[in-house]
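Notes to accompany the following structure.
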Amino acid sequence: MKTALDPVIKDTPDAAAAEAILRSCVHCGFCLPSCPTYQILGDELDSPRGRIYLMKQLLEGEPVSARTQLHLDRCLGCRACESACPSGVQYGRLLDFGRSLTEQRVNRPAAVAAKRRVLGKVVPHTSRARALLRAARWLRPVLPGALRAQLPPAQPFLSADACRWPATRHSRRVVIVPGCVQPVLAGGIDPAAARVLDHIGISAVAVMRGGCCGAVSHHLSAHADALAQIRRNVDVIWPHLEAGAEAVVFTASACSAMLGDYGRMLQGEPRYAPRAAAVSAAARDISQVVAGESAALLEALRTAVPRRPGIVGRRVAFQAPCSLQHALKLTGVVEPLLLAAGFALMTVGDGQRCCGSAGTYSILQPELSQQLLRAKVNALEESGPEVIATANIGCLHHIRGGTNIPVRHWVELLAERLNG
Ligand code: SF4
Ligand code: SF4
């Protein structure tokens, strides 16, 4: 696509990258059928190609309006269009740049701006998120209906065994970063990952003082906050890498994807660039680590089978989060692990389609998000699973709000299968 950048932004490094991405789009439209918002709204400007066109206008210095902002806001950032694009257009990076520029040029209505500010100040901080959630649950009876509907369901009771973190006993070590809302919404996931890793010969150490990966603030275009969170994570992770940890693991696939971007995001900061690049190079989603040790996993499962015969054959519908399949390109990695563990994998239609969670999207775009949730839950429930498994906390808690079937992280199922 021919582009003539606005002289005001022309010489910035991000603009050069954005221009290169714009040029790689040949306007073929192959991405349109993969786009959830285009499927629902049928408007070209709510498709990847339409949004790319809007961002081209923006980068060329044409006046930008609230209408442009609306179409960019409606984008889930799911990156299904990237998987569908034959020209390798890096839509996600372009979207980050386009949104950031729009944020600088278009004033939002005061109420919307305040809502985004509150989300940015609360969600990435575990203690604040926990306190707000407690207060909201307490006030539930008097909350307006729309707000009440958005309250996440309470975390199912966690037994002491579900929270058990194994002792560090192996020479191979990884660090697990707890993230922000996951400990509040599903505190059993990281301990389950640590137990699975322990079974396959790897000890996991939780990074203390680690927090949000930065994605929430980044996607709200609060870049200073995002960079501060990223620097803090680099600071707390780095000593573990120096001490010999072989990988930095998130159990939420969206956070794993963000971690892989740290090197690029801090490349302009000489003090942080080398460490951030090292953290990104060591970044792994939990599925990559476990799948990389399949021989050890099979052996651990073989010895575990006689102890828990009843669990084998439990019907599982796996929901592959967009971050797992489109950002990390880890399609088909988790399913063989569940099959190896004796679960029966149910067929799930339209597996490419986003569930509508997408960070804070479910709060900021509730109508579209709920439509996507209903479609996703219908697809997941159709084959009659006993449990729904996923790989990302955002999807997990969003889908939990739309079904009566238990929704778990796949690594919890594996841990139960191994531990009984
Ligand atoms: S993003 Fe890719 S698939 Fe979509 S119009 Fe551009 S080149 Fe075609
Ligand atoms: S990221 Fe998702 S919602 Fe946004 S344009 Fe691409 S496919 Fe559509």
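Both ligands and their constituent atoms are indexed starting at 1 by order of listing. Heavy atoms only: backbone and side chains are in, while hydrogens, waters and symmetry mates are out.
Interface atoms of ligand 2 facing C75, defined by a heavy-atom separation under 4.0 Å, are 1 (S), 3 (S), 4 (Fe), 5 (S). Residue contact check: G77 has heavy atoms under 4.0 Å from atoms 1 (S), 4 (Fe) of ligand 2. Every atom of ligand 1 is numbered from 1 in the order shown, and the set under 4.0 Å from a heavy atom of H27 is 5 (S), 6 (Fe). Contact atoms of ligand 2 toward C35: 3 (S), 5 (S), 7 (S), 8 (Fe) (distance under 4.0 Å to a heavy atom of the residue). Of all the atoms in ligand 1, the ones that sit under 4.0 Å from a non-hydrogen atom of P86 are 3 (S). Counting atoms of ligand 1 from 1 in the listed order, those under 4.0 Å from a heavy atom of G29 are 5 (S), 8 (Fe). Those atoms of ligand 1 that come under 4.0 Å of a heavy atom in I52, given as number and element, are 1 (S).
Taking backbone and side chain together, C85 holds an N, O or S atom under 2.8 Å from atom 2 (Fe) of ligand 1. Among the atoms of C28, an N, O or S atom is found under 2.8 Å from atom 8 (Fe) of ligand 1.
Looking at S87 against ligand 1, only its side chain comes within 4.0 Å, counting heavy atoms. Proximity of Y91 to ligand 2, defined as any heavy-atom pair under 4.0 Å, is confined to the side chain (atoms from C-beta onward).
For the side-chain contact (heavy atoms from CB on, under 4.5 Å) test with V196, the passing option among L337, N419, L418 is L418; the others fail.
Ranking the protein heavy atoms by distance from atom 3 (S) of ligand 2 puts L76 N, 3.4 Å first. Nearest non-hydrogen protein atom to atom 2 (Fe) of ligand 2 is C78 SG, 2.3 Å. The protein heavy-atom contact nearest to atom 6 (Fe) of ligand 1 is C25 SG, 2.4 Å. In terms of protein heavy-atom proximity, atom 5 (S) of ligand 2 is closest to R51 NH1, 3.2 Å. The protein atom (non-hydrogen) at minimum distance from atom 4 (Fe) of ligand 1 is C31 SG, 2.3 Å. Scanning the protein for heavy atoms near atom 7 (S) of ligand 1, the closest one is V26 N, 3.3 Å.
Between D225 and K121 there is a salt bridge, since at least one side-chain N of the basic residue sits less than 4.0 Å from a carboxylate O of the acidic one. Taking a cutoff of 4.0 Å between a charged side-chain nitrogen and a carboxylate oxygen, R108 and D73 qualify as a salt bridge. Ion pairing between a basic and an acidic side chain is recognised when a charged N comes within 4.0 Å of a carboxylate O; D235 and R232 show no such pairing. Using a 4.0 Å cut-off between a side-chain N of Lys or Arg and a carboxylate O of Asp or Glu, K56 and E60 qualify as a salt bridge. With respect to R172 and E246, a salt bridge is recorded, a charged nitrogen being found less than 4.0 Å from a carboxylate O. Electrostatic pairing of R275 and E269 does not count as a salt bridge here, judged by no charged N lying under 4.0 Å from a carboxylate O.
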Going through the checks in order, is the side chain to side chain contact (heavy atoms under 4.5 Å, CB included) test met by Q319 and V348?
CA-CA 8 Å; Q319 183 260 351; V348 178; over 6 Å; no
Side chain to side chain contact (heavy atoms under 4.5 Å, CB included) assessment of D285 paired with V333:
CA-CA 11 Å; D285 185 71; V333 172; over 6 Å; no
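For the residues R79, H71, R74, the heavy atom positioned nearest atom 1 (S) of ligand 2 is part of R79.
A 4.5 Å side-chain heavy-atom check between I286 and L197 finds at least one atom pair inside the cut-off.
Atom CG of D14 and atom CZ of F97 lie 5.5 Å apart (nearest 0.5 Å).
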